[in-house]
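Everything on this sheet refers to the single structure shown next.
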Amino acid sequence: MSHTDATRRAAMARPADGPAMIELRKLTKAFGSKTALRGIDLRVAPGESLVIFGPNGAGKTTLIRILANLSRPTSGKVLIGGLDLAAHADGIRRYLGVVSHAPLLYDSLTAEENLRFFARLYDLADPQARIAEMLALVGLTGRRHDLVRTFSRGMVQRLAIARALLHDPQVLLLDEPDTGLDPQAAEMLHGLLVQLSRAAASSPDAMRTIVTVTHSIERGLAIADRSVILAGGQIVFEGSTAGMTAADFRPLYDRYVGGGR
Amino acid sequence: MSFWHVVGAIVWKDIRAELRTKDIFSSMFVFALLSVIVFNFAFELRVPAMKMVVPGIVWVAISFAGTLGLNRALVIEQDKGSLAGLLLAPVDRSAIYFGKLLGNLLFMFAVEIVILPLVMVFYNLSLLSADHLLVLLLGTYGFAAVGTVFAAIAVNTRAREVMLPILLFPVLLPVLIAGVKMTGALLDGEALSTLGNWLQIMAVYDIGFTVVAYLTFGYVMEE
């Protein structure tokens, strides 16, 4: 990382002052008698890469689903780009890209057909050029006419990233995108995410706010400007982790989560 | 993007996927065919006139096969996570409803186009009049309009295959009874113009549930 990048990332690690791209206010989500999120307050600055760590059942996926407007909070507010998600959901969805452990793709369509379908839903001006660009970005140009069901899990996840970036979203939500991948495929996917995170940090044109949920401390820290630890539906740690190694972070994580991962 | 472009994109996607897998059509067709054949053997030579039982057979085959198709159509989307992909798009969620509805309707019509000639052959009756086709069209539309919403509700429940018929059939009763009554009366030689009440029930049902589904589908799809 260049000095300028490092400085910028350090600045990004102080999100509370300027306008936030994502802001959660007293967010609560309950499923019947079980409360998944308990009064979450969080701000993410434009262009910042925030990583959320936490044990299973901490509420990480619930949080991402609420940010993606796939689930409605029980109480509290979500503001994206200053707009209330509950009131402006249709408009805000245009600025969100989501990659989760489920690919959100159709396996009986080809890679190109999948992207063309989503390009139509997002009403892209020049879909063909954008599809070609995205397939090149994730290294699937040669497989564009192949059905997704013939792809390996790693290729499916790369195509899922292409789908999520197709409409050039300002906010990218990543929910454990490397789940189920073999180490090699996970490493390749991680390389792509690092590339996206650095592009966001180095160029105003590529400025993209990224929120990632992951179990992998090493991979998470590699793309994080700032990290949050979620446990029992509450934020138990929030702070800058730019430049921090897994060895530095693990004792911190164990202290807040109680040693279980 | 206009509402109907979104609807068109979803229908295109469903048809394209179905032409490759034939998942939905094959399960619906096999079930409908089985119903027609089993009922034929059950009733042959036991009832004075086949036209007494054919209305029931036709609507049982349509509704049971349709339920299978509705389940498959939403389960396929849910299991691969692609339903969430659709919901993430910046489109009116009622456009997703109409896209899925039209897709389901096309698959049901495709099964009916194959099954009805078989019914006519097995039971030696003609169902190829404009009146019969209108009743089938309205009944199938009503079925798909309600079924698409209930399939979307059921797909998020644990016992979704069981849940859909439990939720759906009580609500479908008016349209199924009207369908059976009108098909029977037409086979008895009555004119459609004399069946105004049943036709009204079916038309009001179709319009009413389309409006309700249009207004509620967005809420149905959210947790």
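Quick note on labels: first sequence line is chain A, next is B, and so on, each numbered from 1.
- In this structure, the side chains of B/V6 and A/L121 come closer than 4.5 Å at one or more pairs of heavy atoms.
- Pairing each heavy atom of A/R149 with each of B/T21, the nearest pair is NH1-CG2, 3.6 Å.
- Across all their heavy atoms, A/L109 and B/R16 have their closest contact at CD2-CG, 3.7 Å.
- With a 4.5 angstrom heavy-atom cutoff, A/D90 touches chain B via backbone and side-chain atoms both.
- Proximity to chain B is limited to the backbone of A/L105, based on heavy atoms less than 4.5 angstrom apart.
- Atom OG of A/S108 sits about 10.0 Å away from atom CG of B/L19, to the nearest 0.5 Å.
- Heavy-atom pairs under 4.5 Å with chain A peak, among B/G85, B/A89, B/A95, at B/A89.
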Take B/L88 and A/R94 through the test side-chain contact (heavy atoms from CB on, under 4.5 Å) and record every step on the way to the result.
CA-CA 8 Å; B/L88 287 168; A/R94 180 171 299 281; over 6 Å; no
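- A/L147 touches chain B through its side chain: at least one heavy atom from C-beta onward sits under 4.5 Å away, while N, CA, C and O do not.
- Residue A/Y95 does not touch chain B at all, counting heavy-atom pairs closer than 4.5 Å.
- To the nearest 0.5 angstrom, B/I10 atom CD1 is 10.0 Å from A/R120 atom CZ.
- With chain B as partner, the option from A/L96, A/D107, A/N114, A/I66 having the largest number of non-hydrogen pairs under 4.5 angstrom is A/D107.
- Between B/M221 and A/L70 there is no side-chain heavy-atom pair separated by less than 4.5 Å.
- Both the backbone and the side chain of A/T110 come within contact range of chain B, judged by heavy atoms closer than 4.5 Å.
- A/A102 and B/G81 get closest at one heavy-atom pair: CB-CA, 4.2 Å.
- Contact annotation for B/I76: neither backbone nor side-chain heavy atoms come within less than 4.5 Å of a heavy atom of chain A.
- B/S82 is not listed as a side-chain neighbour of A/L104, based on a closest heavy-atom distance of 4.5 Å or more.
- By the 4.5 Å heavy-atom criterion applied to side chains, B/Y219 and A/R72 are counted as neighbours.
- More than 12 heavy atoms of other shown residues, nucleotides or ligands fall within 6.0 angstrom of atom NZ in B/K22.
- By the 6.0 Å contact criterion, CG on A/D126 is enclosed, its count of non-hydrogen atoms from other residues, nucleotides or ligands being greater than 12.
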Go through the steps to decide whether A/F118 and B/K13 satisfy the test side-chain contact (heavy atoms from CB on, under 4.5 Å), and finish with yes or no.
CA-CA 10 Å; A/F118 286 104; B/K13 178 267 297 172; over 6 Å; no
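- Neither the backbone nor the side chain of B/E18 comes within contact range of chain A, judged by heavy atoms closer than 4.5 Å.
- A 4.5 Å side-chain heavy-atom check between B/L86 and A/Y106 finds at least one atom pair inside the cut-off.
- Looking at every heavy atom in both residues, B/R93 comes nearest to A/N69 through NH2-O, 3.3 Å.
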